[in-house]
Amino acid sequence: MSRIFSGVKPTGHLTLGNYLGALRRWVEVDQHRADALFSVVDLHALTMEHDPARVRRLSRQAATLLLAVGLDPERCTVFVQSHVGEHTRLSYLLECTAMDGELRRMIQYKEKGAQARAAGQSVRLSLLTYPVLMAADILAYGTDEVPVGEDQTQHVELARDLAVRFNQRYGHTFTVPKATHPTVAARVMDLQDPTSKMGKSHDSGAGIVYLLDDPDQVRRKVMRARTDSGTEVSYDREASPGVANLLEVLAACAGGEPGELAGGYGSYGALKRDVADAVVEVLRPVQKRHAELAADGAYVDGVMREGAARAREMARPRVDAAHAAIGLLPG
Ligand code: TYM
């Protein structure tokens, strides 16, 4: 059975982009066809200025949402990254395998580093080493597949490079993983700025649909989505990115192909109404289940505790092997 690992970082409230690009596939496909692990990767939320209480709150909320969207602890392992020490133990070994130059080339490092500098903040060293920790998340479990949105491709490539390099130098230790993406909505764009990704930590929330937005908020955000100066509804990511994004969201939520759906609309208003309805329907059961689970924090904590124990057992032998292979004495 193949092994799958993926994660979400608690740097903000989870978005429709997270759901359509990643979470939904974990629930509907991945947990049924593979030995899968899904993690709230909280250590990754410490790479930029952060408020400890907020990270704690968002981590619990993300854990609750992973269960609310339908991850089943009987079928897969759900856990919080910082509860499993193997990730950081392996990360250092991989830091000794990675090169400074390849990390400085990472797009997210460049973008987020620039963002921090523009806000007058210094850049944390962990922002640079973040993709190495992500590689450790993946490689610790002998992962074959990493289901992610398109924005994570470069990071998964680095994990592949590090696995190959480590294996060549120190003997076969790691499986070489590959990224997989959804066929539609692999990159959901911000509704107000359809040339940039809908991201949790974007400055204004106006173009971001959060999984816990109520129906009125969803409708307002979708109806105000930036479209293009034309009036014709056509699927063209280059010429009409705003409309193309809405068509992709509609296809992902209600079915169909974005290009074919376009033919059914004579106006942007009608398209937006259908997108809003489709998103509200997709979020309704998630929000209902979230409310139930949020009222039972002890259950969610218990699932995370058991998940961490399982994950630790799965990761330890491979991380021990890497420890020995690189030249460290066994403890
Ligand atoms: P994060 O927390 O930014 O996003 C979690 C998942 O959601 C996907 N995603 C999107 N997909 C489509 N459209 C969007 N607008 C959109 N925004 C986010 C992301 O591609 C991702 O799949 N570095 C990772 C977390 C991570 C991880 C890992 C993932 C840490 N270790 C190991 C996989 C394996 C991140 O920042 O995801």
Side-chain angles (χ1 to χ4, degrees), residues 6-19 22-23 37-69 71 73 77-88 91 108-109 111-131 133-134 136-137 190 197-214 217-218 221 283 286-309 311-312:
S6 202
V8 61
K9 64 179 192 294
T11 43
H13 298 286
L14 300 198
T15 72
L16 185 66
N18 296 132
Y19 184 68
L23 271 55
L37 297 103
F38 302 105
S39 183
V40 176
V41 285
D42 53 350
L43 296 170
H44 292 283
L46 310 181
T47 58
M48 301 278 279
E49 283 273 324
H50 76 285
D51 167 12
R54 183 165 186 266
V55 169
R56 210 172 292 124
R57 215 170 40 243
L58 289 172
S59 296
R60 173 160 279 121
Q61 187 188 74
T64 308
L65 271 168
L66 289 189
L67 301 179
V69 296
L71 289 182
T77 302
V78 188
F79 70 103
V80 175
Q81 178 197 33
S82 65
H83 296 171
V84 179
E86 266 50 41
H87 293 240
T88 45
S91 185
Q108 288 203 357
Y109 171 68
E111 285 178 359
K112 296 228 162 107
Q115 210 177 306
R117 281 186 208 98
Q121 297 159 0
S122 7
V123 177
R124 293 184 179 175
L125 181 58
S126 55
L127 187 68
L128 180 65
T129 56
Y130 161 106
L133 177 58
M134 176 163 162
D137 301 338
D190 188 283
K197 177 188 84 163
M198 182 184 283
K200 298 180 208 88
S201 32
H202 209 271
D203 288 348
S204 107
I208 306 171
V209 175
Y210 295 104
L211 296 189
L212 296 179
D213 277 350
D214 66 38
Q217 286 170 307
V218 173
K221 288 175 181 177
L283 298 187
V286 173
Q287 296 181 352
K288 181 163 177 283
R289 187 75 185 121
H290 176 267
E292 290 162 5
L293 288 165
D296 192 357
Y299 169 74
V300 176
D301 289 350
V303 170
M304 295 304 129
R305 225 178 3 256
E306 279 172 31
R312 217 173 284 126

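Worth saying up front: this structure is predicted, and the values here are computed from it rather than measured.
Proximity of a side-chain donor or acceptor of Arg124 to a complementary backbone N or O of Met48 within less than 3.5 Å is detected. In terms of modelled atom types and a separation under 3.5 Å, the side chain of Lys200 and the main chain of Asn18 share no donor-acceptor contact. Checked by atom type and distance alone, the side chain of Arg305 never pairs as donor or acceptor with a backbone atom of His83 at under 3.5 Å. The main-chain N or O of His87 is never found under 3.5 Å from a side-chain atom of Ser91 such that the two would form a donor-acceptor pair. Under the 3.5 Å distance criterion, the side-chain polar atoms of Gln287 are matched with a main-chain donor or acceptor of Asp213. A donor-acceptor contact shorter than 3.5 Å is absent between the side chain of Glu111 and the backbone of Gln108. At least one donor-acceptor pair closer than 3.5 Å links the side chain of Lys221 to the backbone N or O of Ile208.
Between Leu65 and Leu212, the shortest heavy-atom contact is CD2-CD2, 4.1 Å. Nearest heavy-atom pair, Ala311 versus Val84, reported as atom, atom and distance to 0.1 Å: CB-CG2, 4.0 Å. When all heavy atoms of Pro131 and Leu127 are compared, the pair lying nearest together is CD-O, 4.2 Å. Listed here is the closest heavy atom pair of Leu58 and Thr11: CD1-C, 3.8 Å.
In this structure, Leu14 and Val69 have side chains that are not in contact, with every pair of non-hydrogen atoms separated by 4.5 Å or more. Considering only heavy atoms from C-beta on, Pro73 comes within 4.5 Å of Leu67 through its side chain. Between His13 and Leu211 there is no side-chain heavy-atom pair separated by less than 4.5 Å. Between Gln121 and Gln115 there is no side-chain heavy-atom pair separated by less than 4.5 Å.
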Which pairs of donor and acceptor atoms, one on a side chain in residues 37-45, lie under 3.5 Å apart (sequence neighbours left out)?
| residue | atom | partner | partner atom | Å |
| --- | --- | --- | --- | --- |
| Ser39 | OG | Phe79 | O | 3.2 |
| Ser39 | OG | Gln81 | N | 3.3 |
| Asp42 | OD1 | Ser82 | N | 2.9 |
| Asp42 | OD1 | Ser82 | OG | 3.4 |
| Asp42 | OD2 | Ser82 | OG | 2.6 |
| His44 | NE2 | Gln81 | NE2 | 3.3 |
| His44 | NE2 | Asp137 | OD2 | 2.9 |

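Interatomic distance, Lys288 NZ to Leu283 CG, rounded to the nearest 0.5 Å: 15.0 Å. Taking CD of Gln61 as the start and OH of Tyr210 as the end, the distance is 11.0 Å to the nearest 0.5 Å. Summarising the geometry, atom NE2 belonging to His290 is positioned 10.5 Å from atom CG belonging to Leu66; distances are rounded to the nearest 0.5 Å.
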- Message: side chain to side chain contact (heavy atoms under 4.5 Å, CB included) for Met304 and Val78? Distances and angles first, verdict last.
- Response: CA-CA 6 Å; Met304 295 304 129; Val78 188; 3.7 Å; yes
